[in-house]
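When reading the values below, keep in mind they use all heavy atoms of this one structure, side chains included, and skip hydrogens, waters and symmetry mates. None of the values given here were measured: they were computed from a predicted structure.
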Amino acid sequence: MKLDGNYTIAAPRERVYEKLRDPAYLKECIPNCESLELQSDGRYLARIKAGVGAVRGTFTGHVEIADEIAPSSYRLLIEGAGGPGFIKGEAAVSLSVVPEGTNVAVAGDGQVGGMIAGVGQRVLLPAGRMMMNKFFVDMKTKIEAAGAG
């Protein structure tokens, strides 16, 4: 399942990069995130309620930042499991300076298994896009509301 997107945030690239790594910001912006903690090994431990249609549950998993080139790019490695199944994925995130502030480009690919995979890609893809868009809209709103300081 491939998910791509471009989001423009009216703030300096360094600030956007910092906030995309801030556990407090991330927890508030990830849809249905119950907890998010930065672990001593540099990975984030997350607990998220999610689902598609009637297939719902709580997922626990890790998010790791790899191949980091601050403040321009990194890769996210994601894996989690819960009652409805599992998710495993990877996303390339790149930040570039644009006249409006910062453009964040995301190119991701993921696999799902278990009951959640049974709902089909026709339903999973739009649900994944909706969650990604909600995250970036919330992040944009939060960063821009905090101002340039």
Side-chain angles (χ1 to χ4, degrees), residues 1-9 11-53 55-97 101-121 123-146:
M1 177 171 74
K2 295 200 180 292
L3 287 175
D4 301 317
N6 279 286
Y7 306 90
T8 301
I9 300 174
R13 179 169 69 164
E14 291 76 13
R15 180 170 173 76
V16 174
Y17 188 87
E18 172 192 332
K19 296 307 177 188
L20 285 173
R21 302 207 47 199
D22 182 323
Y25 268 65
L26 292 168
K27 182 182 182 300
E28 290 182 32
C29 297
I30 296 170
N32 303 311
C33 184
E34 293 183 336
S35 65
L36 183 80
E37 299 172 13
L38 182 58
Q39 305 293 288
S40 60
D41 64 2
R43 298 186 306 166
Y44 296 91
L45 175 64
R47 184 174 168 88
I48 300 169
K49 281 189 175 180
V52 180
V55 181
R56 301 196 163 279
T58 302
F59 290 84
T60 302
H62 287 96
V63 177
E64 181 179 351
I65 294 175
D67 302 332
E68 187 172 15
I69 304 172
S72 59
S73 66
Y74 58 89
R75 271 186 329 126
L76 285 177
L77 306 172
I78 304 159
E79 60 180 70
F86 73 87
I87 182 166
K88 186 172 184 176
E90 185 175 316
V93 179
S94 62
L95 291 80
S96 57
V97 176
T102 303
N103 182 71
V104 181
V106 181
D109 192 12
Q111 301 89 36
V112 294
M115 287 189 307
I116 200 157
V119 300
Q121 191 150 347
V123 176
L124 285 174
L125 195 55
R129 278 193 191 114
M130 185 179 72
M131 284 184 70
M132 186 169 79
N133 287 335
K134 180 168 179 13
F135 169 81
F136 278 104
V137 166
D138 289 353
M139 183 63 73
K140 172 184 171 67
T141 300
K142 196 164 176 49
I143 291 172
E144 291 177 357

*Asks:* Got a second to check how far Met115's CE is from Arg56's CZ, nearest 0.5 Å?
*Replies:*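 Going from the CE atom of Met115 to the CZ atom of Arg56 covers 12.5 Å.
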
*Asks:* When the side chains of residues 37-49 are checked against the rest of the protein, which donor-acceptor pairs come out under 3.5 Å, sequence neighbours left out?
*Replies:*
from, atom 1, to, atom 2, distance (Å)
Gln39, NE2, Glu37, O, 3.4
Asp41, OD1, Arg43, N, 2.9
Asp41, OD2, Arg43, NE, 3.0
Arg43, NH2, His62, NE2, 3.4
Tyr44, OH, Arg21, O, 2.4
Arg47, NE, Glu34, OE1, 2.9

*Asks:* What closest approach, in Å, do Ala91 and Val106 show between heavy atoms, and which atom pair accounts for it?
*Replies:* CB-CG1, 4.3 Å

*Asks:* Could you tell me if Glu64 and Tyr74 have a donor-acceptor pair between their side chains, going purely by distance under 3.5 Å?
*Replies:* no

*Asks:* Is there any ring-ring contact (aromatic ring centres under 6.0 Å, His included) pair reaching into residues 76-95, and which pairs are they, with sequence neighbours excluded?
*Replies:* none

*Asks:* First locate atom CE of Met130, then atom CG of Leu125, and finally report the distance between them rounded to the nearest 0.5 Å.
*Replies:* 12.0 Å

*Asks:* On a heavy-atom basis, which atom in Leu36 and which in Lys27 lie closest, and how many Å separate them?
*Replies:* CD2-N, 3.8 Å

*Asks:* Would you give the length of the straight line joining atom CG of Leu76 to atom CD of Glu68, rounded to the nearest 0.5 angstrom?
*Replies:* 10.0 Å

*Asks:* Side chain to side chain contact (heavy atoms under 4.5 Å, CB included), that's the test. Do Lys19 and Met139 meet it? Break it down for me.
*Replies:* CA-CA 8 Å; Lys19 296 307 177 188; Met139 183 63 73; 4.3 Å; yes

*Asks:* Could you tell me if the side chain of Ile9 sits less than 4.5 Å from the side chain of Glu144, heavy atoms only?
*Replies:* yes

*Asks:* Which heavy atom of Phe135 sits nearest a heavy atom of Pro31, and at what distance?
*Replies:* CB-CD, 4.2 Å

*Asks:* Roughly how far, to the nearest 0.5 Å, is the CG atom of Leu3 from the CG atom of Asp109?
*Replies:*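 Those atoms lie 8.5 Å apart.
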
*Asks:* Can you check whether Thr102 reaches Thr8 side chain to side chain, under 4.5 Å on heavy atoms?
*Replies:*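 No, side chains not in contact.
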
*Asks:* Does any pair with a residue in residues 82-96 pass side-chain hydrogen bond (donor to acceptor under 3.5 Å, both in side chains), and if so which ones, sequence neighbours excluded?
*Replies:* Arg75-Glu90

*Asks:* So, for Ala11 and Ile143, which heavy atoms are closest and what is the spacing to 0.1 Å?
*Replies:* CB-CG2, 3.6 Å

*Asks:* Within this structure, what is the CG-OH distance for the pair Asn103 and Tyr7, rounded to the nearest 0.5 Å?
*Replies:*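 Asn103 atom CG to Tyr7 atom OH measures 10.5 Å (nearest 0.5 Å).
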
*Asks:* Can Lys142 and Asp138 be counted as an ion pair, charged N to O under 4.0 angstrom?
*Replies:*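 Salt bridge flag = no for Asp138 with Lys142.
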
*Asks:* Closest heavy-atom contact between Asn6 and Ala105?
*Replies:* OD1-CB, 3.2 Å

*Asks:* Drop me the distance from Lys134's NZ to Ile30's CD1, to the nearest 0.5 angstrom.
*Replies:*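 Reported to 0.5 Å precision, the distance equals 11.5 Å.
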
*Asks:* Any side-chain to backbone donor/acceptor pair from Lys2 onto Gly108? Under 3.5 Å, distance only.
*Replies:* no

*Asks:* I need the minimum non-hydrogen distance between Leu20 and Leu26, along with the two atoms involved.
*Replies:*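 Between these two residues, the closest heavy atoms are O-CD2, 3.4 Å.
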
*Asks:* Quick check: do Leu124 and Ile116 have side-chain heavy atoms less than 4.5 Å from each other?
*Replies:* yes

*Asks:* Would you find a donor on one side and an acceptor on the other, under 3.5 Å apart, between the side chain of Asp22 and the backbone of Glu18?
*Replies:*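 Between the backbone of Glu18 and the side chain of Asp22 there is no qualifying donor-acceptor contact (under 3.5 Å).
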
